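Worksheet: one structure, shown below.
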Protein chains: 2
Amino acid sequence: MKLPVSTEWVLHCAATLAQLAPGATASAAQLAAYYDLPQAYLAKQLQALVRAGVLAATTGPRGGFRLGRPAAEITLLQIVEAVDGAAAPYECREIRQRGRGALPAEQCQRTCVLAEKMAEAHQAWRASLAGVTLAGILDELPATAPARTRSILGQAP
Amino acid sequence: MKLPVSTEWVLHCAATLAQLAPGATASAAQLAAYYDLPQAYLAKQLQALVRAGVLAATTGPRGGFRLGRPAAEITLLQIVEAVDGAAAPYECREIRQRGRGALPAEQCQRTCVLAEKMAEAHQAWRASLAGVTLAGILDELPATAPARTRSILGQAP
Ligand code: FES
Ligand code: FES
């Protein structure tokens, strides 16, 4: 069970964009340089965040990425699922209905209790990440972080 | 983020073994036939459960598998981690210390808040699965299940 390595990238890029002045943007090149990441691959992941509404992309000479909605309305779950999808890690293939032990279909109308417990665990994971917003993350950073971030990105602090 | 397809196999095989009479065993061949699974690959997964102490293997002509400890002391987490390992799906590679935005090492003595939140979500998943035992699963099966299971496995019900 592995999340893609780009999960860390997009979490950090989203937290970085959350520190910009209202209306300011950062390009994929700037974000790639900020964290020393492969720019083309990062740009693809940022586009996935745009499709999920987490980021907005602006075009033109000063174009780039900014948050797609307020930081208090963006959760870690939305960011993670934008790059990894929302599929649950456990897949039930209904093996209870196969082989010598196969249960008849009429006894399988309810979800298998094992599949149910696995789904509950996935919901616990999702609920944990849905309970953390980018605004909450910013609150845990040092007060000086946004000024530092803006200045490294070449923007007035 | 995917669990191996064999996760469903081992969860069901463990629940099946939990329904046997005390001291009774079932072989990998019997369990494979019960659920129509590839026997050699299933046997490997069952061995992983033995290494984790979830199952015990007995040898000899009537050899096979049985639970390694009481069903009330075997959790779904132990079964899942026996086949998939206990590594967390999220891997922090400390990108906060890389690139133009690199934080100095002395500011990175505490775990990054993003890595911390991802670890908390994994702990929520683990806690959910650690809270379900095989005994609890058996309680949710129809009262007739053990007799049916034993009879299909060719054992006196
Ligand atoms: S049939 Fe899939 S988990 Fe039970
Ligand atoms: S440095 Fe890895 S999650 Fe922040």
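From a predicted model like this one, the values you see are computed outputs, not experimental measurements. By convention in this document, chain letters (A, B, ...) are assigned in the order of the sequence lines, proteins followed by strands, and residues within each chain are numbered from 1.
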With a 4.5 angstrom heavy-atom cut-off, which part of A/L153 approaches chain B: side chain, backbone, both or neither?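 A/L153 has no heavy atom closer than 4.5 Å to chain B.
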
In terms of heavy-atom proximity below 4.5 Å to chain A, should [X] be classed as side chain, backbone, both, or neither?
X      : answer
B/R93  : both
B/A88  : backbone
B/A102 : backbone

Any residues in residues 67-83 of chain B near chain A, with a heavy-atom distance under 4.5 Å, and which are they? B/L76, B/V80

Between CD on residue B/E94 and CG on residue B/L103, distance to nearest 0.5 Å: 9.5 Å

Output for pair (B/L49 CG, B/F65 CZ), nearest 0.5 Å, gives 8.5 Å

Side-chain ion pair, B/K117 and A/E140, N-O less than 4.0 Å: yes

Give me each pair satisfying ring pair (Phe, Tyr, Trp, His ring centres under 6.0 Å) with a member in residues 115-135 of chain A, each pair once, sequence neighbours excluded. A/H122-A/W125

Can you tell which of A/L114, A/I137, A/V5 has the highest number of heavy-atom pairs within less than 4.5 Å of chain B? A/L114

Comparing B/E120, B/Q107, B/H12, B/E91 against chain A, the one with the most heavy-atom pairs below 4.5 Å turns out to be B/H12

Is the backbone N or O of B/A124 less than 3.5 Å from a side-chain atom of B/S128, with the two atoms forming a donor-acceptor pair by type? no

